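Bear in mind the structure is a predicted one, so any value in this text is a computation, not a measurement. When a residue number appears, it is its place in the shown sequence, counting from 1.
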Amino acid sequence: MAKIRIGITQGDINGVGYELILKTFSTEDMLSLCTPIIYGSPKAATYHRKAINNQTSFTVVDSANDAKENVLNMVNCYGDDEQKIEFGQATEEAGKYAMTSLNSAIADLREGRIDALVTSPLNRNVIKNEDGSVFGGESAYFEQILGEGKKAVDVYISNNLRVALLTSNLPISQVAEKITKESIAEKIVILHNTLKRDMDIDIPRIAVLSFNPTMGEDGKFGKEEEEAISPVIDELFKRGVRCMGPYAADEFFGTDNYKHFDAVLAMYHDQGLAPFKAIAIDEGILYTAGLPIVHTTVVGGTQYSIAGKDEADELAFRHAIYTAIDVVRNRNRFDHARQNQLKKQYFEKRDDSDKLKLDQVTDED
């Protein structure tokens, strides 16, 4: 069988993207696992390679269809254009180059020329949308143009630690209004299905964190737990989704309680990401769950302070590649095993009065 084809964007040329790519594919073991295809600039890659004294070679191909196995391939997205590289600098020019790479890879992903996408770090603050607004991030971008009506959920992964976010990119003052039965049910269901299909976990266990201190303390600090979080957990559990909680966030990670679960749903960014980065900053990756596509990236960011200094650690980028390969394989196995199944000869009676979005729960438990 042909190897899985992994598209790789160049990211921000002033950051560590090319260093991560070149170091990751400096050994033959990575080339034996997949066929990597960089969407970038041969000139920029060569500049980075010289800066860090790296010997990794790559082969320029006209398109992803021409990619060869057992080599690091590159599709030139920029022709003969010279890219101005300023290590450590956040520039709009670098942001434009990053988006050219990303959009080129997305076009091939949409057409099936690559099986999965691994993005090198970019700086969304220097990227502007067509209307002049700041770029909202890759997950939101993929949801908009590749989601086919489905919602994206950010899942941060390090080995068996998986942390998903109910809300992201929101001021703390706006989080409470987003904690609704509908939003919680939707994210738990997406996470449940992702763990089953993408992570090959037959009966996933999901921990749900509380929003208020000490779980609201019987309404003293807030009623989100009582009115939204707990009812959804109870209802979904009855329907076969092994979600539990809510758990007090201040002690959940410190007591290693997370090790008993396959994933954790946090209510907002810092609640989930602060402990995650404390535990797994060097090897953590981001997986975009819930969408038809397969996408991973590293958590570490552009790391401007060490760009061009040969100090970047490629471990997390390797994990991003490994995860993308695993997800493609898991999805193929999952879908193949469920082809041509006999239809159910009965109908389940459901109470839909609460209008929770439960119809998308997989029914293979």
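Judged as a ring-ring contact (aromatic ring centres under 6.0 Å, His included), and not counting sequence neighbours, Phe25 has no contacts. For Phe87, the ring-ring contact (aromatic ring centres under 6.0 Å, His included) criterion is met by Tyr47, His48, not counting sequence neighbours. Checked against ring-ring contact (aromatic ring centres under 6.0 Å, His included), Phe253 has the following partners two or more places apart in sequence or in another chain: Tyr258. Applying the side chain to side chain donor-acceptor pair (under 3.5 Å) rule to Asp335 yields the partners Arg197; only residues at least two apart in sequence or on another chain are considered.
Within the structure, every pair that satisfies the salt bridge (Lys or Arg N to Asp or Glu O under 4.0 Å) test and touches residues 98-111, not counting sequence neighbours, is listed here: Asp108-Arg113. Pairs engaging residues 10-32 under the salt bridge (Lys or Arg N to Asp or Glu O under 4.0 Å) rule: Glu19-Lys23, Lys23-Asp310, Asp29-Arg318 [sequence neighbours left out].
Taking the side chain as every heavy atom from C-beta outward, Asn123 and Tyr304 approach each other to under 4.5 Å. Residues Val299 and Tyr156 meet the side-chain proximity criterion, which asks for heavy atoms closer than 4.5 Å. In this structure the side chain of Val232 reaches within 4.5 angstrom of the side chain of Ile188, judged on heavy atoms.
Judged purely by atom type and a 3.5 angstrom limit, Asn159 has no side-chain atom pairing as donor or acceptor with the backbone of Leu161. Between the Gln83 side chain and the Ala94 main chain, no donor and acceptor come within less than 3.5 Å of each other. The main-chain N or O of Ala249 is never found under 3.5 Å from a side-chain atom of Gln271 such that the two would form a donor-acceptor pair. Although no hydrogens or angles enter the test, the distance criterion places a donor-acceptor pair under 3.5 Å between the side chain of Lys309 and the main chain of Ser305. A donor-acceptor contact shorter than 3.5 Å links the side chain of Thr323 to the backbone of His319. Of the possible polar contacts, one joining the Ser183 side chain to the Lys178 backbone as a donor-acceptor pair under 3.5 Å is found. Here the side chain of Thr296 pairs a donor or acceptor atom with the backbone of Ala320 at under 3.5 angstrom. Not a single donor-acceptor pair under 3.5 Å links the side chain of Thr119 to the backbone N or O of Thr9. Remark: side-chain polar atoms of Thr100 are paired, donor with acceptor, to backbone N or O of Lys96 under 3.5 angstrom.
In the hydrophobic cluster analysis, where Ile, Leu, Val, Met, Phe, Trp and Tyr join through side-chain heavy atoms closer than 4.5 angstrom, Val71 is grouped apart from Met30. Ile21 and Tyr78 fall within the same hydrophobic cluster, defined by Ile, Leu, Val, Met, Phe, Trp and Tyr side-chain heavy atoms under 4.5 Å apart, directly or through other members. Note on Ile13: it does not cluster hydrophobically with Ile37, by side-chain heavy-atom contacts below 4.5 Å among ILVMFWY residues. A continuous path of Ile, Leu, Val, Met, Phe, Trp and Tyr side chains, each step under 4.5 Å between heavy atoms, connects Phe211 with Leu236, placing both in one hydrophobic cluster.
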Can you list the steps and then say if Thr56 with Leu72 is a side chain to side chain contact (heavy atoms under 4.5 Å, CB included)? CA-CA 9 Å; Thr56 304; Leu72 179 60; 4.0 Å; yes

Report the C-alpha separation of Glu93 and Lys84 in whole Å, then their side-chain angles, then the decisive distance to 0.1 Å, and conclude whether the salt bridge (charged side-chain N to carboxylate O under 4.0 Å, His left out) test is met. CA-CA 8 Å; Glu93 187 176 23; Lys84 185 178 181 181; 5.8 Å; no

Test log, rule side chain to side chain contact (heavy atoms under 4.5 Å, CB included), inputs Asn212 and Glu225: CA-CA 8 Å; Asn212 294 294; Glu225 288 74 21; 2.8 Å; yes

Under the criterion side chain to side chain donor-acceptor pair (under 3.5 Å), I'd like the reasoning laid out for Gln10 against Tyr18: C-alpha separation, chi angles, the key distance, then a yes or no. CA-CA 6 Å; Gln10 73 171 16; Tyr18 271 119; 2.6 Å; yes

Please test Asn73 against Lys68 for side chain to side chain contact (heavy atoms under 4.5 Å, CB included), starting from the C-alpha separation and ending with a verdict. CA-CA 7 Å; Asn73 299 273; Lys68 302 174 178 63; 4.0 Å; yes

Can you check side chain to side chain donor-acceptor pair (under 3.5 Å) on Asn332 and Arg329, steps first, answer last? CA-CA 5 Å; Asn332 288 340; Arg329 289 174 175 167; over 6 Å; no

Chi angles and distances behind the side chain to side chain contact (heavy atoms under 4.5 Å, CB included) call for Arg162, Phe276: CA-CA 9 Å; Arg162 304 176 186 88; Phe276 178 86; over 6 Å; no

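The minimum heavy-atom distance between Gly284 and Ser158, with the atom names listed, is CA-CB, 4.4 Å. Counting all heavy atoms, side chain and backbone alike, Leu265 lies closest to Leu166 at CD1-N, 3.7 Å. Nearest heavy atom pair, residue Pro42 against residue Gly40, reads CD-O, 4.0 Å. Shortest non-hydrogen contact noted between Val16 and Gly301 is CG2-O, 4.0 Å. Scanning all heavy atoms of the two residues, the minimum distance from Gln89 to Asn14 falls at O-ND2, 2.9 Å. Scanning both residues, Ser41 and Asn76, for their nearest heavy atoms gives CA-OD1, 4.4 Å.
Look at Lys151 and Glu186 and you find a salt bridge, because one of the NZ, NE, NH1 or NH2 atoms lies within 4.0 Å of a carboxylate O, short of that distance. Between Asp202 and Lys196, no side-chain nitrogen of the basic residue sits less than 4.0 Å from a carboxylate oxygen of the acidic one, so the salt-bridge criterion is not met.
The environment of Asp234 atom CG is dense: over 12 non-hydrogen atoms of other residues, nucleotides or ligands sit within 6.0 angstrom. By the neighbour-count criterion of 12 heavy atoms within 6.0 Å, atom NZ of Lys43 is densely surrounded, having more than that number from other residues, nucleotides or ligands. Crowding of Asn160 atom CG: a count of heavy atoms from other residues, nucleotides or ligands under 6.0 Å not exceeding 12. In the displayed structure, Asn70 atom CG is contacted under 6.0 Å by more than 12 heavy atoms of other residues, nucleotides or ligands.
Ring centers of Tyr287 and His295: at least 6.0 Å apart, outside the cut-off.
Among Ile6, Ile8, Leu102, the single residue meeting the side chain to side chain contact (heavy atoms under 4.5 Å, CB included) criterion with Leu117 is Leu102. When each of Leu195, Leu191, Ile190, Val163 is checked for a side chain to side chain contact (heavy atoms under 4.5 Å, CB included) with Val155, only Leu191 meets the rule.
Relative to the ring axis of Phe237, Arg242 places its NZ or CZ within 45° and under 6.0 Å from the centre. Judged by the 6.0 Å distance and 45° axis criteria, Arg205 is positioned over the aromatic ring of Phe261.
Ring planes of Tyr247 and Phe252: tilted class, angle from 30 to 60°.
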